[in-house]
Number of protein chains: 2
Amino acid sequence: MKKSSEEILKSSALSLTAGRKTILDIFLSSPNALAHQDIETICKEKYDRVTIYRTLQTFLEKGIIHTIPSSDNITRYALCNDDCIVTGHHHDNHVHFTCDTCGKTICLDETEVPSVHLPKGFRAHQINMIVSGVCKSCA
Amino acid sequence: MKKSSEEILKSSALSLTAGRKTILDIFLSSPNALAHQDIETICKEKYDRVTIYRTLQTFLEKGIIHTIPSSDNITRYALCNDDCIVTGHHHDNHVHFTCDTCGKTICLDETEVPSVHLPKGFRAHQINMIVSGVCKSCA
DNA sequence: AACATTTTGCAACAAAGTTGCATTCTTTCT
DNA sequence: AGAAAGAATGCAACTTTGTTGCAAAATGTT
């Protein structure tokens, strides 16, 4: 059961402003990860660039969204699932999939991150997996 | 047995210029991945920013270096091992490790990338794994 | 050594992200 | 409900990062 944007903001102790609600709703209704640019395109008429930057920053700090590692130098954000938010320290052991055809990036929440055997002396804290290829819709 | 910068440039059919050699030597002597900024800091007195950008771009195209996905929006580059270069199409199924303490990123060439079970309809082409935690030196 | 071809540096530009400050909006308290 | 305190927003200016065109310099080829 998905929380509403109001509920999420309230439970993160954030004041409920029109901008935050709008941006959060965009995430809630988007199946794929979003870059700053995507959000700016959607609501640049209504909100300032700087506001979007600051809102994303705030959401990150509160663990509402997380960043997805990528090689193309574009920071993409996606909603965290409840597990991330509830637990005290935040870990996003997600598998992310980037489609080479449509360019979209999605979180494969259901897919379990396999464990890696690291060399001696290394301790893993967070594991990120980015798989690229052809997605379901583009197959 | 490590190739010299001259050998690498020659086998990639690149003309041997002082700039390329310098930058390649920086990679050869660095145990960790480097961002454009790192290289600029080392040799900004000698080479122009633009030259560094173009050199990195050239190395990428020739498969001499590869980019490492990251969440922090900084493109980092590392040398490819010979396997990457030899095979026709280049795939960097590496495990990369970023240390939360010293901030350095290294390629774990020895570590095998585990296979993932993707949802139905998804086809994987390249798999990247980024592990963060505490590295050997900082343990 | 002289030619054709690449590479480099410079300047100018474009895009991405940050900071300070005054104004406006939320929330809280009575 | 209204006022005060605190937080968020918009604007302007700025920094950083990356790109492009072009003339000058360096490379390698004969």
Side-chain angles (χ1 to χ4, degrees), chain A residues 4-27 33-62 64-77 103 105, chain B residues 4-27 33-62 64-77 103 105:
Chain A
S4 71
S5 49
E6 281 95 342
E7 286 172 321
I8 295 173
L9 289 172
K10 190 176 284 181
S11 64
S12 296
L14 291 174
S15 49
L16 178 61
T17 67
R20 286 179 179 163
K21 192 172 145 19
T22 303
I23 293 175
L24 195 41
D25 280 330
I26 292 171
F27 276 107
L34 299 165
H36 168 94
Q37 181 63 59
D38 299 323
I39 296 167
E40 200 177 314
T41 306
I42 297 173
C43 57
K44 66 166 160 251
E45 308 297 326
K46 297 178 76 176
Y47 302 105
D48 194 77
R49 243 161 44 84
V50 177
T51 301
I52 298 173
Y53 277 114
R54 289 197 267 227
T55 302
L56 290 173
Q57 194 55 42
T58 304
F59 286 178
L60 257 190
E61 282 160 12
K62 292 290 180 177
I64 298 171
I65 57 176
H66 62 269
T67 58
I68 298 171
S70 78
S71 302
D72 64 2
N73 211 13
I74 295 172
T75 312
R76 263 172 276 263
Y77 305 87
T105 298
Chain B
S4 71
S5 49
E6 282 95 341
E7 286 172 321
I8 295 173
L9 289 172
K10 189 174 286 182
S11 63
S12 297
L14 291 174
S15 49
L16 178 60
T17 68
R20 285 177 179 165
K21 191 172 143 21
T22 303
I23 293 175
L24 195 42
D25 280 330
I26 293 171
F27 276 108
L34 299 165
H36 169 93
Q37 180 63 59
D38 300 324
I39 296 167
E40 200 177 313
T41 306
I42 298 174
C43 57
K44 65 166 161 250
E45 308 297 327
K46 299 178 75 177
Y47 303 105
D48 193 78
R49 245 159 43 83
V50 177
T51 301
I52 299 173
Y53 276 113
R54 289 197 267 228
T55 302
L56 291 173
Q57 193 55 42
T58 304
F59 286 178
L60 257 189
E61 281 159 14
K62 292 290 182 179
I64 298 172
I65 57 177
H66 63 270
T67 58
I68 298 170
S70 77
S71 303
D72 64 3
N73 211 14
I74 295 172
T75 311
R76 264 173 276 263
Y77 305 87
T105 297

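All of these numbers come straight from a predicted model, not from anything done at the bench. Chain letters run A, B, ... following the sequence lines, proteins first and then strands; every chain starts at 1.
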Quick check: does any side chain N or O of A/Arg20 sit under 3.5 Å from a backbone N or O of A/Ser15, one acting as donor and the other as acceptor?
yes

In Å and rounded to the nearest 0.5 Å, what is the CD1 to CD1 distance from A/Ile65 to A/Ile8?
11.0 Å

Check every strand shown and say whether A/Lys46 touches a base, only sugar-phosphate, or nothing at a heavy-atom separation below 4.0 Å.
sugar-phosphate

So among A/Ile42, A/Thr22, A/Thr17, which one has a side-chain contact (heavy atoms from CB on, under 4.5 Å) with A/Tyr47?
A/Thr22

How long is the span from the OG1 atom in B/Thr55 to the CD1 atom in B/Ile23, to the nearest 0.5 Å?
4.0 Å

So what is the end-to-end bend of the helix from C/dA1-D/dT30 to C/dT30-D/dA1, with 5 pairs used at each end and the value given to 10 degrees?
40°

Residues B/Leu14, B/Phe59; criterion side chain to side chain contact (heavy atoms under 4.5 Å, CB included); working and verdict
CA-CA 9 Å; B/Leu14 291 174; B/Phe59 286 178; 4.2 Å; yes

How close or far is atom P of D/dC11 from atom CG of A/Asp48, stated in whole angstroms?
6 Å

Side chain to side chain contact (heavy atoms under 4.5 Å, CB included) for B/Gln57 and B/Tyr53? Distances and angles first, verdict last.
CA-CA 6 Å; B/Gln57 193 55 42; B/Tyr53 276 113; over 6 Å; no

Kindly indicate, with the supporting measurements, whether the criterion side chain to side chain contact (heavy atoms under 4.5 Å, CB included) is fulfilled by A/Tyr77 and A/Asp38.
CA-CA 10 Å; A/Tyr77 305 87; A/Asp38 299 323; over 6 Å; no

I'd like to know whether B/Cys43 forms a side chain to side chain contact (heavy atoms under 4.5 Å, CB included) with B/Ile26, so could you lay out the CA-CA distance, the side-chain angles of the two residues, the decisive distance to 0.1 Å, and finally the verdict.
CA-CA 10 Å; B/Cys43 57; B/Ile26 293 171; 4.3 Å; yes

How long is the straight-line distance from OG1 of A/Thr58 back to CZ of A/Arg54, given to the nearest 0.5 Å?
9.0 Å

Could you tell me from which nucleotide to which nucleotide of DNA chain C, 5' to 3', there is an atom under 4.0 Å from chain A heavy atoms?
C/dA16 to C/dT27

Take nucleotides 15-26 of chain D nucleotide by nucleotide from the 5' end and write B, S or -, depending on whether a protein heavy atom sits under 4.0 Å from the base, only from the sugar-phosphate, or from neither.
--BBBBB-----

Measure from NZ on A/Lys21 to C1' on D/dT9 and round the result to the nearest Å.
18 Å

Hey, is the main chain of B/Leu9 close enough, under 3.5 Å, to the side chain of B/Ser12 for a donor-acceptor pair?
no

